[in-house]
Number of protein chains: 2
Amino acid sequence: MTRPGTRSGTTMNDVAAAAGVSQATVSLVLNEAAGTRFSEETRRRVHAAAHELGYRTNAHAKVLRDGVAGMIGFVGDFVATAPFAGKIIEGAQARAWEAGLLLLTVNTGGDKDLEAASLEAMLSYKVAGVVYAAMYHRVLDVPDVLAEVPAVVLNSRDRSGRFPSIAPQEELGGYTATKRLLDAGHRRIAMINIGAADAALPAAVGRHAGYLRALREHGLDADPRLHKIGDGNESGGFDNAVALMTGPQPPTALFCGNDRTAWGAYQALSQLGLSVPNDVSVVGFDNQETLAPHLRPGLTTLELPFLEMGRRAIELLLAGADRDGSTEYFECPLVERHSVAAPPEIAGNK
Amino acid sequence: MTRPGTRSGTTMNDVAAAAGVSQATVSLVLNEAAGTRFSEETRRRVHAAAHELGYRTNAHAKVLRDGVAGMIGFVGDFVATAPFAGKIIEGAQARAWEAGLLLLTVNTGGDKDLEAASLEAMLSYKVAGVVYAAMYHRVLDVPDVLAEVPAVVLNSRDRSGRFPSIAPQEELGGYTATKRLLDAGHRRIAMINIGAADAALPAAVGRHAGYLRALREHGLDADPRLHKIGDGNESGGFDNAVALMTGPQPPTALFCGNDRTAWGAYQALSQLGLSVPNDVSVVGFDNQETLAPHLRPGLTTLELPFLEMGRRAIELLLAGADRDGSTEYFECPLVERHSVAAPPEIAGNK
DNA sequence: CGGGGTTGCTAATTCGTATAACCCAGTCCC
DNA sequence: GGGACTGGGTTATACGAATTAGCAACCCCG
């Protein structure tokens, strides 16, 4: 029900006419411009007319004149299954809003044509900057066109080193996870990774490197047979957990490259009649909200600080200017639940 | 590296100067305006100059002149944990893009002030319409300001009946799920709901109504003790499944109000030493991508057609005009996996 | 009573694009 | 040889808001 007087086409000229003043007066009064004096009576009339007519400023006219828009572009290659996509966007949007900016989001799904076209559109809209976000941590090539505007790479690293990047501290995360298990007394700790650690997958490489460093610091030699390559999914966790636990010298603890993998491991252990954490301890990675707290027992895992990363991306954009192409790393804090205990030989004290 | 000649400030006037023609000529040539004739030579020079200077149209100037922007507002109350939020947005964005429109998204998290403010901002940007999306299916109050622009309510229904709404066909979904179990031979079928069926929660009410109708059509009386109220989460599924299976006359099949609930039920059945589907059949609801296919065995469930719903919302907006406030319901197709079998007394054939 | 200061407001211009209106030089036709 | 086309452009204006420069009217003061 569009009430009369609430028509979206009301302009400053309409308000001016209604208030019996000039358009300039309306602009100056409504924007409370500094250094101008208007009588109380005039101000009142302007505000009354504006309210009466349902005046709303035309953002495009404003942008056209002032040069820069109150929008930030957010381009992601997310697929909908990425459970944390929302977190990143939520963080980014919240921070943008604090600065009075809206987010123009596009989900490219990896389609390069769509990506190019939407970047063009965003630049046409004179966005104040662009966040180029990746679904999973990797090294990627950023479209050249982004050089025309402040840009930040989120959850990945820019190969060319032209843009500031934001990424999680994978190595420290892997170290923390493994150390947690070592501190609980475990010595045979397997890792089920989310991909080959020699591929260009910083999450797999880094988490594994941290795993190795923790073992080394405890004077342990890493047994290569305890490093399994999964697929980052439930089935990779399941299959590798079965292989590990039914093989010779099974581990007493599993460090899983992500929570989905850990879930698969849980299901495998359950089928093998092994209990978490009494028989086998498990640590995950990601702290996936829909998964980690609901596993039985609750999964001890590392949190990917996506909310903060999203916020920080906008922050960098706003700070703007002379940022170099360096990468800012975010720490992944340990989230303690109930999937880690002492290994059986210690707990059982036989 | 902003190359010279790629400055974002290039306007049509710059192109015109470079090509030695008027600004009007540039506009007419670049837009391939109908009914105008220019020599091949002129066209060539204009295109060359535009390319050389890296000209990009200023969308704001265009909108200012043409009146309507190539953007659609998308306001959601999602929390990041909503696993399907991405699906809805993906569908909406894809359809919008096909029409050459970008999505201006805001995640309000239920904050009414933020909601009001961002709607104001969107209207300032002269969006072609607004999709007002809800995280879960309910009846809600739409902000009055949306009356000023084409608007569609997504995954909920507008209480006032002013806006067209799009929602899933909950009742039919509940019917289909239950019928699947009846057809497999089950007669004692429990439902673990995702909330009280008398609350203003169409998902709970509708799915339960469908459950009752299916039973009735098969000439069965619904046993009220087999209808449990969960919390829509894993724990609700777990607790109620334990209660049902350890009580008198346990059911042979569980219809769970959503997949998370079904997951809880799986965990409970596993702990009770009961096998899915040999001892107990399970049907879920939502077809949550991160869950249903990865459960063991894969969960038979109903798909919430969020992608299509998102697409349809944009479609309605574009069709625009004289839509009334009626609700369009989307069918939830059955996704067959491996959690349904004949009940033991039949399968065992004793 | 004339000059300077203050109060309260307006006229005019700018941003970049689209388009309606018009203009000029040739050509054709009768 | 004059009117009617036609091809190939240009000029001028509008869109809506912000802002600079300036203009009347009044007051005060010497």
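In what follows, chains are A, B, ... by sequence order, proteins preceding strands, each numbered from 1.
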> Per the end-axis method with five pairs at each terminus, what is the bend angle of the helix from dC1(C)-dG30(D) to dC30(C)-dG1(D), to 10°?
Replying inline: 70°
>> Taking side chain to side chain contact (heavy atoms under 4.5 Å, CB included) as the definition, give me every residue that meets it alongside A50(A), ordered by chain and number, with sequence neighbours left out.
In response: V15(A), L30(A), Y55(A)
>> Please list all pairs meeting ring-ring contact (aromatic ring centres under 6.0 Å, His included) that have one or both residues in residues 110-165 of chain A, counting only residues at least two apart or in different chains.
In response: Y125(A)-H60(B)
> Can you pull the salt bridge (Lys or Arg N to Asp or Glu O under 4.0 Å) pairs that have at least one residue in residues 20-42 of chain B, sequence neighbours excluded?
Replying inline: E41(B)-R44(B), E41(B)-R45(B)
> Residues two or more places apart in sequence or in another chain: which of them pass salt bridge (charged side-chain N to carboxylate O under 4.0 Å, His left out) with D66(B)?
Replying inline: none
> Can you name the side chain to side chain donor-acceptor pair (under 3.5 Å) partners of D141(B), sequence neighbours left out?
Replying inline: R159(B)
> Quick one: how far along DNA chain C does chain B reach, first to last nucleotide 5' to 3', anything under 4.0 Å to a heavy atom?
Replying inline: dG16(C) to dT19(C)
> Mind checking which nucleotides bracket the chain A contacts on DNA chain D, 5' to 3', with an atom under 4.0 Å from a heavy atom?
Replying inline: dG16(D) to dT19(D)
>> Suppose we screen for salt bridge (charged side-chain N to carboxylate O under 4.0 Å, His left out). Which residues come up paired with R95(A), at least two apart in sequence or across chains?
In response: E98(A), E315(A)
>> Within residues 36-43 of chain B, which residues have any heavy atom lying less than 4.0 Å from an atom of DNA chain D?
In response: R37(B), F38(B), S39(B), T42(B)
> What are the residues of residues 17-26 of chain A, sorted by number, that bring a heavy atom to within less than 4.0 Å of DNA chain D?
Replying inline: Q23(A), A24(A)
> Does a donor on one side chain and an acceptor on the other come within less than 3.5 Å for T57(A) and S124(B)?
Replying inline: no
>> Applying ring-ring contact (aromatic ring centres under 6.0 Å, His included) as the test, list every pair that has at least one member in residues 87-106 of chain B; sequence neighbours left out.
In response: none
